[in-house]
Amino acid sequence: MEYDFRNLESKWRKNWQDRGTYHVKEDPTKPKYYVLDMFPYPSGAGLHVGHPLGYIASDIYARYKRLQGFNVLHPMGYDSFGLPAEQYAIQTGQHPAVTTDENIARYRQQLDQIGFSYDWSREVRTSSPDYYKWTQWIFKQLFDCYYDLKTDKAERISTLIHAFEMDGNSNIQAVTDFEGQFTSTEWHAYSAQQKEEIIQAYRLAYLAESWVNWCPALGTVLANDEIINGVSERGGHPVEQKRMRQWSMRIKAYAERLLEGLDRIDWSDSIKEQQRNWIGKSQGASVSFAIENSIESIEVFTTRPDTIFGVSFMVLAPEHPLVNQLVSAECKSAVEQYQKEAGLKSERDRQADVKNITGQAIGAYAIHPFTGDRIPIWIGDYVLASYGTGAVMAVPCGDQRDYDFAKYFGLPIKNIFANVDITEQAYTEKDAQIAESDFLNGLDAKSAMIKAIEAIEAKGIGKGKTNFRLRDAVFSRQRYWGEPFPVCYQNEIPELISDDLLPIELPEVDKYLPTEDGEPPLARAKKEAWNHFQGERMEFNTMPGWAGSSWYFLRYMDPSNENEFVGKEKVDYWKNVDLYIGGSEHATGHLLYSRFWTKFLYDQGYIPFDEPFEKLINQGMILGKSAIAYLDSEGKMHSYDLIAHDTSQFREVRILIDLIQDDESIDIDALRKWQPQFEKLELKTNDQGKILVKREVDKMSKRWYNVVTPDDLCEKYGADTLRMYEMFLGPLEQSKPWDTKGITGVHGFLKKYWRLFHQNGQFEVSDGAPTKESMKSLHKTIKRLRDDLDRFSFNTGVSSFMICVNELTEQKCNNREVLTQLSILMAPYAPHITEEIWSKLHGDNSSIFDQSYPVFDEQYLKESDFEYPVSFNGKLRFKVSLSVELTPKEIEAQVLGMPETQKYLEGNTPKKTIIVPGRIINFVI
RNA sequence: GCGGAUGUGGUGAAAUUGGUAGACACGCCAGACUUAGGAUCUGGUGCCGAGAGGUGUGCGGGUUCGAGUCCCUCCAUCCGCACCA
């Protein structure tokens, strides 16, 4: 009986489905464990071998936890709103929902063949109205809340309005963009529009005119995390700054808590650091500088208030609102010229142009608050309008950029550090004594900072302040395939649509393009195409991709609840995700937004935890190995080894990697059939008559022809082999190129494992007592595997199995007891083959997944006997894989008694004995 | 520039608190069986050396009886952020 993985795997997959093996229910008698994968966007290209990597790891862990007696929630779904389906719709007219359904069907089929233990009855799709109903509902809650700094959490807008009605805004401490003051009387006198305008400045989901990243090619705005190096993440199109009225999320309100929460969760340092950088907290002070001959003042933010006596000029961003007011007549044209040039530069050019120092004096002067000195005011594009106050107090001796600026324009550089040389560059360390600074003289940076802030506050010109780099996230997109907002407009005031009318479904449109007037595609929908049309008009924007993915992990707990986004008893039972696996590319997007929403829902009492993902593992990317062939100007293909030293005269073409043999040469016949352009291809072959190619590691992608799909591998080797091989490749978190060659090793291992149970083609196991040797192999494996899984080292786990099976094969062990235990150990890794073997061992009525995970017995791990002297070199060193129960004294006595030892000691008495229990013993003579 | 990570055979990689470096697997070499094999099995395989032996975890130092592991300097590669005041 051969290892017939094809029949066996499909048989068990069907069995699991029929029996509902992976359905889970809340069960208060068992501890819960929640294992989650980042759900995929179902793209048209289907899965390649990289996608399931994390899914396999999480599946193994979920099964392991289940065997350990946990009630494991392990669901899967689809992040099914997104650009590609919409782009396809624009080209073909096919409704994105149709494309999406087709893609999901394909994904499901591909996922199913790998044998995951997902509870598919809990599937969610962000594009399904049953689901986005609750995305809309959460949006409504955000719209209806503000962040109160006294209670340090989100509170209802009604509370705020009540306070306004009683006392105006004088007693309010909240996160807001509103800067004025009003009394209760004034509040009552405001028009509805004016009131709403003020409230918008407090709402957590708000509408505001702001600078946004506009991507003309995609026809939509983008959030900061959707832009990489100044171009759009999707498609790589240029992005420009544009002032638009858009929905935003006041994520800034949660900056401090998002930072603090990182200390409580088990994520990699690199992701935590990325989030910390993104939030970008810096502490310092804001200081107002009075302006000569003007009632205006300039507020700056500085992290170095201790260097305030080193200020020798100020720099404003070219867009700073005061520039045009303050500019002197003689500087006006130069300033305008400079502003124009700065405005022309895209964000990207400005970043690329870091080395060029540019700037322009505006002919106005500020007054130093302590010395009364006149400080020239400049504009320069190294100061960003969007950070801090858009203005800096320049301290050239303590900041390199200020220093370079001062040198370039010949501005004064005042040294306020004792015994520090600043003739070449600024001194940016904080360990020098402050000098030339009046009341700060002689202090170190830290105490100077405190004293400076005290002085600034005493003078009433500023205060200690914390600044964040994190900016509010733009929440609207001018696209069709996203969640519609549950918002309509009446007199241009946004109004929420009531809960009982949700979901607001996506209306049908004739085209998926913006209208001729530049309105988003939803503006094309006729009034009757909306399932609920309210007010004068509906909101035409849709929500961004991250809306649905910010809370999906909650919906799995209660996926078909029609009355709540998640039932209270369900979320109280399952709580947050214990293990979350997914790529690190979401570090500052999804992973930050879901933390934000979770904290908000926690504040409002809907869920009992404020961090969504307890432990996070970022699986590495699986890369493809492209095959590159070289064509000369006549279109003749040359073998790579003939031209390797100079490829400049050749054109590179990427060849489908399925046509590559032995990792390096092209199957010529197959190549001719592959594409018409190669049908009559002329060749310059090497000595062996081959055409070699260059291999290069790229992202796995259809356009590089380097995709390896799980389908072919499952067909050829089976799902269990694929699962174990993907784990065997190396540490989960590392990126690595895919190489199919090694898969035969894992496949051979499974065959070997199968053979343990079969003699002469018949299933045959022995029932006697196992040998001590076999028990030792088994228990060593149990121990190793527990350790491997507890530290998420899936690759060493596979090796442990290989070692065990090699040993048992050598021992000719086919003992039922040993093999039963081994099978349970292997079940999470290779569920199909182990289930088949289980049914042979114990009948069809019991499932291997209902067993409990083996526990190792210390007695089998003990070794005995001293082995041999290792070296002699002034000291004598022994390996003594020794009994655990011996005391160090006993070990010493035994070793000293050995004739070998005496020979080396030559009658000396050791001066010192060093014993490493269970390992090595050294004598120093 | 700042921050994070990683450097171990021909390759992917092990080495759990410092304790026989290279487990396990691929590849390669030799052999067995076979009409054949991209099947199976056996043995070998870090490097130098015929051998004994020497040497070896990016470089150079240090701590230690003992360092891939800990500390310092440097180098290389990858990732993230980047004029953030």
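Chain letters run A, B, ... following the sequence lines, proteins first and then strands; every chain starts at 1.
- A:Asp787 comes within 4.0 angstrom of a nucleotide base, judged by non-hydrogen atoms across all strands.
- A:Lys751 comes within 4.0 angstrom of sugar-phosphate atoms only, judged by non-hydrogen atoms across all strands, and of no base.
- In this structure, the side chain of A:Arg6 engages the main chain of A:Glu715 through a donor-acceptor pair within 3.5 Å.
- A:Asn806 comes within 4.0 angstrom of the backbone, heavy atoms only, and of no base.
- The residue A:Arg786 sits apart from the nucleic acid: no heavy atom pair falls under 4.0 Å.
- Using a 4.0 Å heavy-atom distance criterion, A:Gln734 is classed as a sugar-phosphate-only contact.
- Using the six-membered ring where Trp is involved, A:Phe801 and A:Tyr829 have ring planes that are perpendicular, over 60° apart on the 30 and 60° scheme.
- Although no hydrogens or angles enter the test, the distance criterion places a donor-acceptor pair under 3.5 Å between the side chain of A:Arg695 and the main chain of A:Lys625.
- Within 4.0 Å of A:Lys716, counting heavy atoms only, lies at least one base atom of the nucleic acid.
- Closest to the side chain of A:Arg469, out of B:C83, B:A85, B:C81, is B:C81.
- Each of A:Ile803 and A:Thr389 has a nearest nucleotide on RNA chain B; the 5'-most of these lies closest to A:Ile803.
- Of the candidate nucleotides B:A15, B:G4, B:A25, B:A15 has the atom nearest to the side chain of A:Arg791.
- Residue contacts shown for A:Ser799 include a base, since a base heavy atom lies under 4.0 Å away.
- With B:A85, B:C81, B:A13 as the choices, the nucleotide that has an atom nearest any side-chain atom of A:Asn795 turns out to be B:A13.
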